[in-house]
K.L.:
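Structure in structure tokens, see below.
For the numbers below, each heavy atom of this structure counts, side chains included, while hydrogens, waters and symmetry mates do not. Lettering of chains follows the sequences in order, A, B, ..., and the numbering in each one begins at 1.
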Protein chains: 2
Amino acid sequence: MTVPKVVDPEERRASVAAAVWRVVRRSGLDGVSVRTVAAEAGLSAGSLRHYFATQAELLAFAMQLVADRVRARVDAIGPGPDPVTTVRRVIDELLPLDPERRAEAEVWLAFTTRAQVDPALRALRDASYDALEGLCADLVDALAPEHPHRAAEIERLYSLIDGLVLHAVMRPDRATPELMGAVVDRHLAELGQ
Amino acid sequence: MTVPKVVDPEERRASVAAAVWRVVRRSGLDGVSVRTVAAEAGLSAGSLRHYFATQAELLAFAMQLVADRVRARVDAIGPGPDPVTTVRRVIDELLPLDPERRAEAEVWLAFTTRAQVDPALRALRDASYDALEGLCADLVDALAPEHPHRAAEIERLYSLIDGLVLHAVMRPDRATPELMGAVVDRHLAELGQ
DNA sequence: CATTTTGTAGCACAGTCGTGCCAGAACCCG
DNA sequence: CGGGTTCTGGCACGACTGTGCTACAAAATG
């Protein structure tokens, strides 16, 4: 085959997506125009369109990449010494406990609210929502098998996680990693009797 | 003083704000332009500017009005027969259990994420955040006075509520009023021992 | 009645938007 | 080397943006 190029085109698309993320964090999703993203990525607007034919494609790709990153992190978690530890590790990957993951959460929140009025993004959002719901179901089953209020406990855990993410994005000074950790600790302790 | 006019100017501003809400629900906050809101309110763009000098003022007013409505509902709740019932009534006013309150939550979510990059809206959001945090503190104190993990329990309750609101907005078919009610029931039961 | 205030509509300006299109540069392959 | 593909930048179009400004109608006030 061919020798690997200096810059893999798919990598280039990913670096443009990273530019989208930076613009989103700085100016919100409204600030994302073909021109602002191109400038952030060090390209011309016309050149950017060579990688993404339309803005809709650019946004969908950038959003999908966020979902992929989270999924990859969660999938990489191996089984721990006991269920509580394993569950705790999974939740730690979902929460924005460090600046990088908080940035991720900020971008995800922006995309997820736009999905409210954008059918293309909505499909991506719903798929991630379903996956996370299933993940929370697994966590509940691992900690409290055959729980008499299984459905409510799944939604309770999932809502708690999403609420913590929301708070960490909006008020990082209030929802600190320490506080979020304490909240999760208490919840898991109660869940496992 | 003067006889009340046919249309109170402040009422007119509120009806324009309602037009903003409708546009937000239909097209998102990005769809809110002076012209779209004017058309939705049955005015000309030039006439709208007689009530709101700038778009920023229009947005801030429309957002503030959402916060005011929630606050008014919560303040109207009288003491119930027992703490659990009272707390439950307060939470029920915060959750989008009917279409009207879900619409409210949708609009609030849109404004609150824009507040992430708009200092003027951010002040409004932070004030509401603080008020709700204080309210959750009161709820925890009412159910479990001098709880050994008070701070964590406050954040846990607040995150749970915001997570439920988020889910109700994004997936109203999944986060049904019944399921949310069951989740809150379980949480309050655990909180009061 | 006349006058002032209040409300309404519309136009114009300068800017940004997404996208279509095209002239070259850079690169790879034979 | 030539020829084809990939990449890059720039221009242009029509649409939409917030806001300043003006002319006119309606209502309130004297």
Side-chain angles (χ1 to χ4, degrees), chain A residues 1-20 22-24 26-63 110-111 114-115 117-121, chain B residues 1-20 22-24 26-63 110-111 114-115 117-121:
Chain A
M1 296 297 292
T2 64
V3 174
K5 300 175 186 172
V6 182
V7 179
D8 180 6
E10 205 57 27
E11 270 184 33
R12 190 53 100 81
R13 282 166 66 93
S15 92
V16 173
V20 172
R22 291 193 295 273
V23 175
V24 166
R26 192 192 320 127
S27 318
L29 211 30
D30 314 336
V32 173
S33 76
V34 173
R35 289 166 179 84
T36 58
V37 170
E40 179 72 33
L43 294 174
S44 71
S47 186
L48 189 151
R49 289 196 67 235
H50 185 253
Y51 294 95
F52 298 95
T54 66
Q55 168 168 263
E57 184 188 343
L58 170 62
L59 291 184
F61 183 83
M63 179 177 182
F111 276 110
R114 167 155 304 199
V117 293
D118 183 328
L121 300 186
Chain B
M1 295 301 289
T2 65
V3 174
K5 299 175 187 171
V6 181
V7 178
D8 180 5
E10 205 58 25
E11 270 184 33
R12 190 53 101 70
R13 283 167 66 94
S15 92
V16 173
V20 172
R22 291 193 294 274
V23 174
V24 167
R26 192 194 318 129
S27 318
L29 212 29
D30 314 335
V32 173
S33 76
V34 173
R35 288 165 179 83
T36 57
V37 171
E40 179 71 35
L43 292 174
S44 72
S47 184
L48 190 152
R49 288 197 67 235
H50 185 256
Y51 294 95
F52 298 94
T54 67
Q55 170 168 261
E57 184 189 341
L58 171 62
L59 291 184
F61 183 85
M63 180 177 182
F111 275 110
R114 168 157 302 200
V117 293
D118 182 331
L121 299 185

K.L.:
Report, one line per pair, each donor and acceptor closer than 3.5 Å where one atom sits in a side chain of residues 54-63 of chain B; sequence neighbours left out.
P.N.:
| unit_1 | atom_1 | unit_2 | atom_2 | d |
| --- | --- | --- | --- | --- |
| B:Thr54 | OG1 | B:Glu57 | N | 3.2 |
| B:Glu57 | OE1 | B:Ala53 | N | 3.2 |

K.L.:
Figure out the CZ/P separation between A:Arg35 and C:dC17, and round it to whole Å.
P.N.:
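Rounding to the nearest Å, CZ of A:Arg35 and P of C:dC17 are 6 Å apart.
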K.L.:
Test of understanding: with salt bridge (Lys or Arg N to Asp or Glu O under 4.0 Å), list the residues that count as partners of A:Arg22, not counting sequence neighbours.
P.N.:
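Checked A:Arg22 against salt bridge (Lys or Arg N to Asp or Glu O under 4.0 Å); matches are A:Glu40.
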K.L.:
Could you check how far CZ of A:Phe52 sits from P of D:dC7, rounded to whole Å?
P.N.:
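Nearest whole value for this atom pair: 12 Å.
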K.L.:
Using a strict heavy-atom distance below 4.0 Å, which residues from residues 42-49 of chain A are in contact with DNA chain D?
P.N.:
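Those residues are A:Leu43, A:Ser44, A:Gly46, A:Ser47.
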K.L.:
Once you round it to whole Å, what is the distance between P of D:dC16 and CG of B:Asp30?
P.N.:
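Distance, rounded to whole Å: 16 Å.
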K.L.:
Measuring from atom CG of B:Asp30 to atom CG of A:Asp30, what distance do you get when rounded to the nearest 0.5 angstrom?
P.N.:
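Answer for the CG-CG pair, B:Asp30 versus A:Asp30, is 4.0 Å.
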K.L.:
Please classify the nucleic acid contact of B:Val37 as base, sugar-phosphate, or nothing, using heavy-atom distances under 4.0 Å.
P.N.:
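Answer is nothing: B:Val37 stays at 4.0 Å or more from every strand.
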K.L.:
On a heavy-atom basis, which atom in A:Ala110 and which in A:Val24 lie closest, and how many Å separate them?
P.N.:
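For A:Ala110 and A:Val24, the tightest heavy-atom pair comes out as CB-CG1, 3.7 Å.
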K.L.:
I'd like to check the side chain to side chain contact (heavy atoms under 4.5 Å, CB included) partners of A:Ser33; sequence neighbours left out, ordered by chain and number.
P.N.:
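Here the qualifying residues are A:Arg35, A:Thr36.
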K.L.:
Under 4.0 Å: is that the gap between some side-chain N or O of B:His50 and OP1 or OP2 of C:dT8?
P.N.:
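No, outside the criterion.
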K.L.:
Of all of residues 54-63 of chain A, which get a heavy atom below 4.0 angstrom from DNA chain C, listed by number?
P.N.:
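Here the set is A:Thr54, A:Gln55.
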K.L.:
Rounded to the nearest Å, what distance is computed from the CD atom of residue B:Glu11 to the P atom of nucleotide C:dG7?
P.N.:
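The answer, rounded to whole Å, is 13 Å.
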K.L.:
If you measure from CG on A:Leu29 to CG on B:Leu29, what distance do you get to the nearest 0.5 Å?
P.N.:
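Answer rounded to 0.5 Å: 11.5 Å.
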K.L.:
How large an angle, rounded to 10°, do the end axes of the helix from C:dC1-D:dG30 to C:dG30-D:dC1 enclose when each is built from five base pairs?
P.N.:
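Inter-axis angle at the ends, rounded: 10°.
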K.L.:
Would one find a side-chain N or O of A:Ser33 under 4.0 angstrom from OP1 or OP2 of C:dC17?
P.N.:
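Yes, A:Ser33 has a side-chain N/O under 4.0 Å of OP1/OP2 on C:dC17.
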K.L.:
Would you indicate whether the side-chain heavy atoms of A:Phe111 and A:Val20 approach each other to under 4.5 Å?
P.N.:
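They are in side-chain contact.
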K.L.:
Return the set of residues passing side chain to side chain contact (heavy atoms under 4.5 Å, CB included) with A:Ser44 (not counting sequence neighbours), or none when no residue passes.
P.N.:
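Side chain to side chain contact (heavy atoms under 4.5 Å, CB included) check on A:Ser44 returns A:Ser47.
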K.L.:
Who passes side chain to side chain contact (heavy atoms under 4.5 Å, CB included) against A:Ser15, sequence neighbours left out?
P.N.:
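For A:Ser15 the side chain to side chain contact (heavy atoms under 4.5 Å, CB included) partners, ignoring immediate neighbours, are A:Arg12.
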K.L.:
Nearest heavy atom decides the nucleotide; on that basis, is B:Tyr51 or A:Thr36 closer to the 5' end of DNA chain C?
P.N.:
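Its nearest nucleotide lies further toward 5', so the answer is B:Tyr51.
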K.L.:
Which atom pair, heavy atoms only, marks the closest approach of A:Leu48 to A:Val34?
P.N.:
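Looks like CD1-O, 3.9 Å.
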